[in-house]
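All ligand and atom numbering here is 1-based and tracks the order in the structure. Heavy atoms only: backbone and side chains are in, while hydrogens, waters and symmetry mates are out.
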Amino acid sequence: MSKIQAIRGTRDLLPEEVGLWQQVETTASAVLARAAYREIRPPIFEQTELFARGIGEATDVVGKEMYTFEDRGGRSITLRPEITAGLVRAFIENKLFAEGGVQRLWHMGPAFRYERPQAGRQRQFHQLDVEILGSRDPRADVEVIAIATDILQALGLKSLTLDLNSVGSGDDRQRYREALVDYLSAHKADLDVDSQDRLTRNPLRILDSKDPQTQAVIQAAPSLLDYLSDDSQRHFDQVQQQLSDLGIAFSINPRLVRGLDYYTHTAFEIQSADLGAQATVCGGGRYDGLVAQLGGPDTPAIGFAIGLERLTILLQQLQPSPAATLDFYLVSRGEKAEPAATLLAQKLRHGSARVEVDLSGSAFGKQFKRADRSGAAACLILGDAEAAAGTVQLKWLSSGEQIELAQVDLLGQLSQLLQAAQTPEAAG
Ligand code: ATP
Ligand code: MG
């Protein structure tokens, strides 16, 4: 029979990698909690309509990358290609706006896009998504950017760069779009096929084409920044000023437009030189029109998403995953010893010890070898003689030192022993 394999573009996160993901989650949630962000957990599939309306029909994500299917009730369902749209749907549906003022929300979980899998690009990937809803103030833009950089810094990442742009208001973009289309139409023959196609559908996206010849045409294209209204320019100036006040370095990239339709004003990306072609770890921006577009009250908002696969690729370059540690590896053999070991393990765990029980029933020698490989600080040994006497052998695996003690004493001195187990000399 042929083997069943994981779907192309998906990956199993094996136990030795999960420690790193947990570290990301712990660090991020601590940074977010300190700034009063609250976690929310929306479902991973939604009506297709939500993404079509929210992200925009003309985007690559909606046009080419969505996992869309009909369910048994004939509804069109889509596995979320990003988190923001679902989060905004939840904000509207649960009337979170009724709580008044500003809502700060975050969510971490999978997203799905039908893309060509390669390093840093999967079909099921994961994002940490962070949003502020209800503030038009440039301070909100600066707050989320500062949080993104804080999370990445708290994880120990260096050599990241922040690109910043303003895509202006809807009106600004409309005027710019006309100027851009005029310019690009005159150079249509020099554009790659994809970009020619975008000229009518989504011309701004041509700005971040990776095609070298198209790039050359774009170099001389009109700049979005020349089309900002006074209000948009003021907002952008304030964001820049405050980022500088916080000591957050950035460079202005007038060609940064981001893939989704709903952005207004601030757009930003954080890149790493250590990631190769898929260099963007974090993308975000302001989306003042989205909540209203999805049927909610007029609510300005800004947020970002960090791609967790790319983030963990970077973290792996820094350090190996933290190893799982164990206090005791419990070996036993014999008719009386084995059930006694089960009982002892249970009592130790109730005393907060981390205990792995060897279930093999094999010779003590083989069990000892596994104890050595287990990463435990100490091996506990129970034979029938110990079981009958109510004792146990404790062997510190780093020094080889072995003592016999009564099981009641082991349990009675457990907190001192656990402390010893956690000191590096004992734990080896
Ligand atoms: P890219 O330019 O890499 O295609 P994007 O503009 O499509 O990114 P966003 O929609 O802004 O990406 O998503 C935010 C982040 O999610 C990205 O910066 C990236 O880190 C991550 N991401 C997006 N698509 C994928 C994918 N297919 N696999 C892994 N990570 C992804
Ligand atoms: Mg993409």
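- Of the polar atoms of Gln278, none of the N or O atoms is found under 3.5 Å from an N or O of ligand 1, judged by distance alone.
- In this structure, Ala267 and Val167 approach most closely via the heavy-atom pair CB-CG1, 4.4 Å.
- Shown in contact with Gly307 at under 4.0 Å from a heavy atom are these atoms of ligand 1, numbered in order with element: 16 (O), 20 (O), 21 (C).
- In this structure, of Arg113, His126, Gln271, the residue bringing a heavy atom nearest to atom 24 (N) of ligand 1 is Arg113.
- Atom OH of Tyr67 sits in a crowded spot, with more than 12 heavy atoms from other residues, nucleotides or ligands closer than 6.0 Å.
- In terms of modelled atom types and a separation under 3.5 Å, the side chain of Ser76 and the main chain of Thr48 share no donor-acceptor contact.
- Proximity annotation for atom 4 (O) of ligand 1: of Arg116, Arg121, Glu269, Glu115, Arg121 comes nearest, heavy atoms only.
- Nearest to atom 13 (O) of ligand 1 by heavy atom, out of Glu82, Lys210, Gln127, is Gln127.
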Do any side-chain atoms of residues 84-98 form donor-acceptor pairs under 3.5 angstrom with protein atoms, and if so which ones, sequence neighbours left out?
unit_1: Thr84; atom_1: OG1; unit_2: Asp129; atom_2: OD1; d: 3.4
unit_1: Thr84; atom_1: OG1; unit_2: Glu131; atom_2: OE2; d: 2.8
unit_1: Arg89; atom_1: NE; unit_2: Glu46; atom_2: OE1; d: 2.8
unit_1: Arg89; atom_1: NE; unit_2: Glu46; atom_2: OE2; d: 3.4
unit_1: Arg89; atom_1: NH1; unit_2: Glu93; atom_2: OE1; d: 3.1
unit_1: Arg89; atom_1: NH2; unit_2: Glu46; atom_2: OE1; d: 3.4
unit_1: Arg89; atom_1: NH2; unit_2: Glu46; atom_2: OE2; d: 2.8
unit_1: Asn94; atom_1: ND2; unit_2: Ala90; atom_2: O; d: 2.8

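- Around atom 31 (C) of ligand 1, the closest heavy atom drawn from Tyr114, Phe304, Phe112, Phe125 belongs to Phe125.
- In Val281, the part holding a heavy atom less than 4.0 Å from any atom of ligand 1 is the backbone.
- Looking at Arg255 and Asp163, no side-chain N of the basic residue comes within less than 4.0 Å of a carboxylate O on the acidic one, giving no salt bridge.
- Residues passing the salt bridge (charged side-chain N to carboxylate O under 4.0 Å, His left out) test with Asp231 are Arg234, sequence neighbours excluded.
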